[in-house]
Chemist: 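Next up is a structure, given as structure tokens.
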Number of protein chains: 2
Amino acid sequence: MAGIDDVAAAAGVSAATVSRALSGRGRISDATRARVRAAAADLGYVVSSAASTLATGRTSNIGVVVPLLDRWFYANVIDGIAETLAARGYDVTLYSMSDDPAQRANVLDVSLRRGRVDGLIVLSLQLAEDELDRLLALELPVVGLGATSGRLPVLRIDDTAIARLATEHLLALGHRRIAHIGYSRDGDPGFDTPSLRRRGFEAAMADVGDATALFRPADLTLEDGHRAAGEVLDLDEPPTAIFAASDEMAFGAIFAARERGLDIPHDLSVVGVDGHEMGDFFGLTTVAQFPHAQGERAAATILGVVEDGADAADAALPFELVVRASTAAPAH
Amino acid sequence: MAGIDDVAAAAGVSAATVSRALSGRGRISDATRARVRAAAADLGYVVSSAASTLATGRTSNIGVVVPLLDRWFYANVIDGIAETLAARGYDVTLYSMSDDPAQRANVLDVSLRRGRVDGLIVLSLQLAEDELDRLLALELPVVGLGATSGRLPVLRIDDTAIARLATEHLLALGHRRIAHIGYSRDGDPGFDTPSLRRRGFEAAMADVGDATALFRPADLTLEDGHRAAGEVLDLDEPPTAIFAASDEMAFGAIFAARERGLDIPHDLSVVGVDGHEMGDFFGLTTVAQFPHAQGERAAATILGVVEDGADAADAALPFELVVRASTAAPAH
DNA sequence: CTGAAAGCGCTTACAG
DNA sequence: CTGAAAGCGCTTACAG
């Protein structure tokens, strides 16, 4: 691989001039710049990231901290991030955090301290206070996406409002016995996404005098949505509608209803949250958020901080009720 | 952030000794090593990746080249890769390649030349010959996963065998009129995954004297599987079974059947390929491959090349027919 | 506008 | 076993 000296020799200038011609920093004559760029293109020369980083302190690389990689939602977010960052000349490196304490510690105390990134996007992560301390100790620009914390700037949808929107849609259709399935962390501080959704649901239900709110804790997965929905459907007095905290859970609920010979929406209405690409096929009514666009926005935000020293502020992300065939007035 | 000199001072040794104590390279007394490590842990010192890379030429980072990030299959593969690599102290940076020529050129000619990685895993990529030239010009260890090329070592499932397995399952059930839906690239060299699957399908059908093979080109997506399946189902003489080249397409086929009031498997049998996590809920018979395990294996392979100079060889990946409720003998 | 030189933070022959 | 010093490939004040 050609180095800066090869380019310098080819263009008949010094390495310093090559650096200036290629980076665009510093004064340089148009003629020299053109000559150097031509030589560089000719040799296929690209600045070595390590050398450049060491000299400048900048990496042109953004880290993305992800809870799990195999979910539809995150895959879309990351795609949006990668696309935006690539267009701005940045690479993205992934730091996936599982539930394993040793693995989490390794990411926080080792990987992230290697100085490989200029900034960090943290996806929907529940960080313990001391983990957050260690994250902030990195002294790196950080922006959270869907994450929850008063200690770092976060882009997020208003989970309470989303839950309220979904619930009120069901109430407006005439449902009065509605179950919510969503995760509720033990002893959580009340700030995480699932809790907020539950809160919105319960607030909306409370606004109507005669409504009965059921709740079943479950993970945001198809399997667990299936299980939890099955449980409420098997109650002596099952609900006429289910509000699932994610579309994948809602799919699970639809399968659970189908297994019980229930017709949707005649016997049961189902609403989800996310705007999953399969929602259309399931005819699922949902509150769509836009993960790809969220990724783009998070990327733009972190670049603003990294490149222009902008202050990242909390921001509310858009969402939208998409009514499809899975919701209707209750039968009885 | 603490530097190597801080650790050296704290431990009362030279920077050289700190480097040796932390890297494990070179002779060093147990006592000093312990003292240095304690000091480093104390200060939260981690070697700067840029400085270390510049000095050694090694990055401890592996690049993953991905066609699209938002598909279930790739998300699982990447998860497997990231998990394995993280356990070995490597980071992973993503290079996503779209269909846009400018974007592809940028990845190949710029991003990848920055020297940020020790090796590359290339996922299911169709690279043009000249793109492959440029990839190989990087002189980086590379392993393909599911990709197709005689020019780099590739881990892949035997697509022809998979298609044959799925088709013979349907034939054994008594189906004689079977449609295959799968992508067929115009003027493709006949080596890509979809073509090989089509070939396996047609070979299996040809082995049976009286079987009729139908084919409909389609992308490996839910939408396009839905469309293509709809088209064959609307034929005057529709097939009694559909072999879809991916599970997502198969889901589309199931929706298409459902929309036409067809019962699965009574009126139509459906087989897919992949082992998608939702397959169980759809009761989909499929030829499962194991993307997470594939990712782990690709990661282990590239590390073998990078760390031990092993020769990566082509290898066949396991797959398995999983029979569920979507296939049965034809009705008539 | 351009070049010589120091420096970024490590690693590793080379001495001892 | 340990340290002093050169060097990895850039960038950027500092001179001119």
Side-chain angles (χ1 to χ4, degrees), chain A residues 1-37 39-40 43-61 89 91 110 113-118 138-139 307, chain B residues 1-37 39-40 43-61 89 91 110 113-118 138-139 307:
Chain A
M1 295 279 252
I4 197 171
D5 290 328
D6 300 315
V7 181
V13 296
S14 70
T17 298
V18 173
S19 178
R20 285 189 278 251
L22 263 26
S23 69
R25 265 161 285 160
R27 330 231 109 265
I28 193 172
S29 76
D30 291 346
T32 333
R33 181 187 298 114
R35 197 149 34 88
V36 170
R37 296 205 164 168
L43 295 168
Y45 171 75
V46 172
V47 174
S48 146
S49 120
S52 176
T53 295
L54 193 54
T56 62
R58 309 268 329 286
T59 66
S60 294
N61 192 26
D91 293 330
V110 183
R113 297 185 79 88
R114 282 200 266 250
R116 220 189 271 284
V117 301
D118 290 332
L138 263 23
E139 290 177 355
E307 298 196 330
Chain B
M1 294 279 252
I4 198 172
D5 290 329
D6 301 315
V7 180
V13 295
S14 70
T17 299
V18 172
S19 178
R20 285 189 277 253
L22 262 27
S23 70
R25 264 160 287 159
R27 332 231 105 265
I28 194 172
S29 77
D30 290 347
T32 339
R33 180 186 300 112
R35 196 149 34 87
V36 170
R37 295 206 166 169
L43 295 168
Y45 170 75
V46 172
V47 173
S48 147
S49 121
S52 177
T53 294
L54 193 55
T56 63
R58 307 267 331 286
T59 66
S60 294
N61 192 27
D91 294 330
V110 183
R113 296 185 81 89
R114 281 200 268 249
R116 220 190 270 284
V117 301
D118 291 332
L138 262 23
E139 289 179 356
E307 298 195 331

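Chain A is the first sequence line, chain B the second, and so forth, proteins listed ahead of strands; every chain is numbered from 1. Just so you know, these numbers use all the heavy atoms, side chains as well, and skip hydrogens, waters and symmetry mates.
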Chemist: Quick one: side chain to side chain donor-acceptor pair (under 3.5 Å) partners of Asn61(B), sequence neighbours excluded?
Modeler: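 Listed in chain order: nothing, the list is empty.
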Chemist: Determine the minimum heavy-atom distance between Thr56(A) and Arg25(A), stating which atoms define it.
Modeler: CG2-NH1, 4.3 Å
Chemist: Is Ser14(A) close enough to dG3(C) that one of its side-chain N or O atoms is under 4.0 Å from OP1 or OP2 there?
Modeler: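 The answer is yes; a side-chain N or O of Ser14(A) sits under 4.0 Å from OP1 or OP2.
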Chemist: When the C1' atoms of dG16(C) and dT12(C) are considered, how many whole Å apart are they?
Modeler: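 Here dG16(C) and dT12(C) have their C1' atoms 16 Å from each other.
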Chemist: So which heavy atom on Val36(B) is nearest to which on Val18(B), and how close?
Modeler: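 Taking every non-hydrogen atom into account, CG1-CA, 3.8 Å.
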Chemist: According to side-chain contact (heavy atoms from CB on, under 4.5 Å), who are the partners of Ala39(B), at least two apart in sequence or on a separate chain?
Modeler: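 Here the qualifying residues are Val7(B), Ala10(B), Ala11(B).
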Chemist: With the threshold set at under 4.0 Å for non-hydrogen atoms, list the residues of residues 27-37 of chain B touching DNA chain C in residue-number order.
Modeler: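 Here the set is empty: none.
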Chemist: Can you see which heavy atom on Arg20(B) is nearest to which on Arg27(B), and at what distance?
Modeler: CD-O, 4.2 Å
Chemist: What is the distance, to the nearest angstrom, from the CG atom on Leu22(B) to the C1' atom on dC10(C)?
Modeler: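 So the CG-C1' distance, Leu22(B) to dC10(C), works out to 11 Å.
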Chemist: Arg37(A): which residues meet the salt bridge (charged side-chain N to carboxylate O under 4.0 Å, His left out) condition with it, sequence neighbours left out?
Modeler: none
Chemist: Might you point out which heavy atoms bring Asp30(B) and Arg33(B) nearest each other, and give the distance in Å?
Modeler: OD1-NH1, 3.0 Å
Chemist: In whole Å, I'd like the distance from the CE atom of Met1(A) to the C1' atom of dC10(D).
Modeler: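 After rounding, the gap between these two atoms is 15 Å.
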Chemist: Take nucleotides 11-16 of chain D nucleotide by nucleotide from the 5' end and write B, S or -, depending on whether a protein heavy atom sits under 4.0 Å from the base, only from the sugar-phosphate, or from neither.
Modeler: BBB---
Chemist: Using the P atom in both, what is the distance from dC1(D) to dA5(D), to the nearest Å?
Modeler: 23 Å
Chemist: Walk me through it: do Tyr45(A) and Ile4(A) pass the test side chain to side chain contact (heavy atoms under 4.5 Å, CB included)?
Modeler: CA-CA 7 Å; Tyr45(A) 171 75; Ile4(A) 197 171; 3.5 Å; yes
Chemist: Taking CG from Asp5(B) and C1' from dC8(C), how many angstroms apart are they, rounded to a whole number?
Modeler: 12 Å
Chemist: Please lay out, stage by stage, how Ser52(B) and Ser49(B) fare under the test side chain to side chain donor-acceptor pair (under 3.5 Å).
Modeler: CA-CA 5 Å; Ser52(B) 177; Ser49(B) 121; over 6 Å; no
Chemist: How does DNA chain C look in dot-bracket notation if pairs are Watson-Crick or G-U with both distances under 3.5 Å, crossing ones as [ ], other-strand ones as |?
Modeler: |||.||||||||.|||
Chemist: I want to check something: taking the side chain as every heavy atom from C-beta on, are Arg116(B) and Ser60(A) in contact at a cut-off of under 4.5 Å?
Modeler: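 Side chain of Arg116(B) against side chain of Ser60(A), heavy atoms only: contact under 4.5 Å found.
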Chemist: Only one of Asp91(B), Thr53(B), Asp118(B) clears side-chain hydrogen bond (donor to acceptor under 3.5 Å, both in side chains) with Thr59(B); which?
Modeler: Asp118(B)
